[in-house]
Amino acid sequence: MSAYKSDFLNILAERGFIHQVSEPEALDARAKDGTLTAYIGYDCTAASLHIGHLLPTMMLYWLQQTGHRPIALMGGGTTRVGDPSGKDESRKVLTEEVINENLASIRKTFSKFLKFESDGGNAIMANNADWLNTLNYIDFLRDVGRHFSVNRMLSFDSVKLRLERQHELSFLEFNYMILQAYDFVELNKRYDCALQMGGSDQWGNIVNGIDLGRRLNNAHLFALTAPLITTASGAKMGKTAAGAVWLNADLLAPYGYWQFWRNTEDGDVTRFLKLFTTMPLSEIARLDALQGNEINEAKKILATEATALMHGRAAADEAAETARKTFEEGAHAENLPTIEIARADLEQGVGVLVAFAEKTGLVSSNGDARRQIKAGGLKVNDATVTDDKMTLTSKELTREGVIKLSLGKKKHVLLKPV
RNA sequence: GGGAGAGUGUCCCGAGCGGCAAAGGGGGCGGACUGUAAAUCCGCUGGCUAAGCCUUCGUAGGUUCGAGUCCUACCUCUCCCA
């Protein structure tokens, strides 16, 4: 089906990772004949990557699986500048200590997908602070800056948007694209990296790097971008006001991660199976044929496979089992998030409002708890709470010795006396 | 430096004759229908010890019985002129 000759591009194409490629034939030939080194840049504004980073990371995964060499470039330097793409406001500038902490935390996530040298693989983790922090401004302007036309830079979407909306774009941020281009050239020099991948919004920045490489070193570089993933109903993926879907287990437990995938819209299941799991396409095609209610089976597989990739098979199976007990049997699955409560408090009785708002944080305040009770959204041991003066005591303990508190149908917490 | 505008419910956008816990969206949360989906419909979307009280409209003062609204100073941003 796909016209590519290399495994790498074939897999990416079949699985729906490719939005745009520069010089597809030439890149294909390179990937077929030798080892290709490619990179993706990540910023380190948060302590964990989130769902939005997963797609590019999967591209690195397949790159390595098909015998090539991936580089995860951490923007230790550029994070101090801030990419204006897709933002109409300036990013906060982070201190170096915070950036380094974030970087260390993110490193763990990558090791789930990529084999670094310490694990006997060839993946590289680079940090652009290594070369950006020591740049000399005048030298940089003379050697690199001369190759950038401000006229052209002004025509880039990321810049144009800011100007049109009359939002400020600082000179600092204006330089981001130059630094990113420079990164590409530097990685090419250091590691013979010839391809930069990224989201579709990165196309302009990547192409800049290609141009710069040619002008400075006569290097032949390539760009490959992935489509912007939106859900079937058009929303940006993993961007809810409730918070980002984090990849670090300490920010989002495997069970929550599993739930995220479980709740995928029907129309997205097949696409997500291709992008976010490593299941063979033939198997995915079989699941694609499922209709109506049966799609839920596919969703469970999607959830388990995606979670296994991220948190390991055991955690994924455990999450699946917890979900099965909770939703299909209505039982008090042991592995639901558990909050400890002092036994003495329970003996005296704990008000429902306090239990929900303060102990578990399922709702944000007592007032919110009252509202939810009025709307019929709170349950204790699966019985709807009707009285906001209700008190929880040790009588509410189930046979398992816990009290199950629920908000809506999906969010459950166990209270456990200690 | 001179001139003209703007900053509103701590998610976002946005209305607001001196009586305002403040219109309307979006988003979010809950309920109904389903399949832990989508679409649709309904309710909620400052806090509290809750028929009451407290805190909110860039910041600090002032005028007034009463200020998001009027006055003064300051901060931040945008535009025009130099």
Side-chain angles (χ1 to χ4, degrees), chain A residues 50 86-90 92 161-171 173 230-245 255-273 287-288 290-304 306-307 319-331 333 336-337 349-358 360-380 382-391 404-413:
Chain A
H50 56 75
K87 309 274 186 312
D88 50 6
E89 273 176 41
S90 304
K92 283 204 183 103
L161 183 83
R162 285 282 192 91
L163 295 180
E164 277 166 9
R165 291 234 208 155
Q166 303 194 338
H167 281 135
E168 190 191 59
L169 174 70
S170 68
F171 184 65
E173 295 165 283
T230 54
T231 66
S233 37
K236 236 188 180 175
M237 203 183 152
K239 286 275 167 68
T240 63
V245 179
Y255 175 71
Y257 191 75
W258 194 93
Q259 283 296 327
F260 169 79
W261 293 106
R262 173 64 242 264
N263 287 316
T264 300
E265 290 179 35
D266 286 9
D268 292 327
V269 175
T270 302
R271 197 157 49 107
F272 286 3
L273 279 167
L287 294 171
D288 185 44
L290 297 175
Q291 292 294 320
N293 201 348
E294 293 179 327
I295 291 179
N296 283 320
E297 291 311 311
K299 288 184 190 179
K300 287 178 205 167
I301 292 171
L302 168 64
T304 305
T307 307
E321 179 60 12
T322 301
R324 193 186 65 76
K325 276 189 186 161
T326 308
F327 287 97
E328 293 174 25
E329 293 178 9
L336 285 172
V350 178
V352 256
L353 299 183
V354 174
F356 273 94
E358 285 170 34
T360 69
L362 279 172
V363 295
S364 57
S365 67
N366 289 5
D368 196 16
R370 273 181 237 267
R371 282 191 285 273
Q372 290 296 356
I373 287 172
K374 211 172 284 179
L378 296 190
K379 288 182 189 146
V380 172
D382 297 318
T384 305
V385 178
T386 52
D387 177 11
D388 61 17
K389 299 216 167 49
M390 175 182 177
T391 310
K404 181 184 180 191
L405 301 181
S406 313
L407 167 65
K409 278 176 277 197
K410 296 183 188 175
K411 292 175 202 120
H412 310 280
V413 167

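First the proteins, then the strands, lettered A, B, ... as listed; each starts at 1. Values in this document were obtained by computation on a predicted structure and should not be read as measured data.
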Could you tell me the separation between the [atom1] atom of [X] and the [atom2] atom of [N], rounded to a whole number of Å?
X        : N     : atom1 : atom2 : answer
A:Asn293 : B:U34 : CG    : P     : 12 Å
A:Trp258 : B:A37 : CH2   : C1'   : 13 Å
A:Lys409 : B:G35 : NZ    : P     : 11 Å
A:Arg371 : B:C48 : CZ    : C1'   : 12 Å
A:Glu294 : B:A38 : CD    : P     : 20 Å
A:Leu407 : B:C44 : CG    : P     : 17 Å
A:Asn296 : B:A38 : CG    : P     : 11 Å
A:Lys410 : B:C29 : NZ    : P     : 9 Å

For [N], what is the paired nucleotide under Watson-Crick or G-U wobble rules, both distances under 3.5 Å?
N     : value
B:U78 : B:A4
B:G43 : B:C29
B:G68 : none
B:A73 : B:U59
B:G35 : none

Next item on the list: Output yes when at least one side-chain N/O atom of A:Arg370 is less than 4.0 Å from OP1 or OP2 of B:G43, else no.
Entry: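 So the side-chain polar atoms of A:Arg370 never come under 4.0 Å of the phosphate oxygens OP1 or OP2 of B:G43.
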Checklist line | Contact under 4.0 Å: A:Ser365 side-chain N or O vs B:C48 OP1/OP2 | finding: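 The answer is yes; a side-chain N or O of A:Ser365 sits under 4.0 Å from OP1 or OP2.
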Next item on the list: With RNA chain B as reference, determine whether A:Gly408 or A:Ala320 sits nearer its 5' end, using the nearest nucleotide of each.
Entry: A:Gly408
Notebook entry, point to check: Toward the 5' end of RNA chain B, which comes first, A:Lys379 or A:Gln259, by nearest nucleotide?
Noted result: A:Lys379
Check: Using a heavy-atom distance cut-off of less than 4.0 Å, which residues of residues 383-391 of chain A contact RNA chain B?
Finding: none
Using the [atom1] atoms only, state how far [M] lies from [N], rounded to an integer number of Å.
N     : M     : atom1 : result
B:U76 : B:G25 : P     : 37 Å
B:A22 : B:G30 : P     : 26 Å
B:U45 : B:U34 : C1'   : 25 Å
B:U72 : B:G3  : P     : 14 Å
B:A73 : B:G19 : P     : 25 Å
B:C13 : B:U64 : P     : 37 Å
B:U63 : B:C53 : C1'   : 28 Å
B:A32 : B:A15 : P     : 37 Å

Need one value for [X]: base, sugar-phosphate or nothing, where a base atom within 4.0 Å counts as base even if backbone is also close, heavy atoms only.
X        : result
A:Lys299 : base
A:Leu378 : nothing
A:Gly367 : base

Quick check: do [X] and [Y] have side-chain heavy atoms less than 4.5 Å from each other?
X        : Y        : answer
A:Leu287 : A:Ile301 : yes
A:Thr391 : A:Val352 : no
A:Ile373 : A:Leu353 : yes
A:Val385 : A:Lys379 : no

Notebook entry, point to check: Quick one: which of B:G30, B:A38, B:U36 gets closest to the side chain of A:Phe327?
Noted result: B:U36
Dump the pairs, protein N or O against N or O of nucleotides 51-57 of chain B, anything under 3.5 Å, distances to one decimal.
none

Margin query: To the nearest 0.5 Å, what is the distance between CG on A:Leu273 and CG on A:Leu302?
Written below: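 These two atoms lie 4.5 Å from each other.
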Item checked: Nearest-0.5 Å distance that lies between atom OG1 in A:Thr326 and atom CG in A:Asp382 ->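 Between atom OG1 of A:Thr326 and atom CG of A:Asp382 there are 9.5 Å.
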Would you say the base of [N] and the side-chain of [X] have a donor-acceptor pair closer than 3.5 Å?
X        : N     : value
A:Asn366 : B:G47 : no
A:Lys325 : B:U36 : no
A:Arg262 : B:A37 : no

Next item on the list: Give the minimum heavy-atom separation between A:Phe327 and A:Lys410, together with the two atoms involved.
Entry: CZ-CA, 4.0 Å
Check: Hey, is A:Lys299 close enough to A:Asp266 for a salt bridge, meaning N to O under 4.0 Å?
Finding: yes
Check: Is A:Glu265 paired with A:Arg271 through a side-chain N to carboxylate O contact shorter than 4.0 Å?
Finding: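 Answer for the salt bridge query: no.
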Notebook entry, point to check: Syn or anti: how is B:C20 classified when any glycosidic angle within 90° of 0 counts as syn?
Noted result: syn
Check: Can you check side-chain hydrogen bond (donor to acceptor under 3.5 Å, both in side chains) on A:Thr307 and A:Trp261, steps first, answer last?
Finding: CA-CA 8 Å; A:Thr307 307; A:Trp261 293 106; 5.3 Å; no
Item checked: For A:Asp368, all residues meeting side chain to side chain contact (heavy atoms under 4.5 Å, CB included), sequence neighbours excluded -> A:Val363, A:Ser364, A:Ser365, A:Arg371, A:Gln372
Notebook entry, point to check: Taking the side chain from A:Asp268 and the backbone from A:Thr264, do they hold a donor-acceptor pair closer than 3.5 Å?
Noted result: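 Checking the backbone N and O of A:Thr264 against the side chain of A:Asp268, no donor-acceptor pair under 3.5 Å is found.
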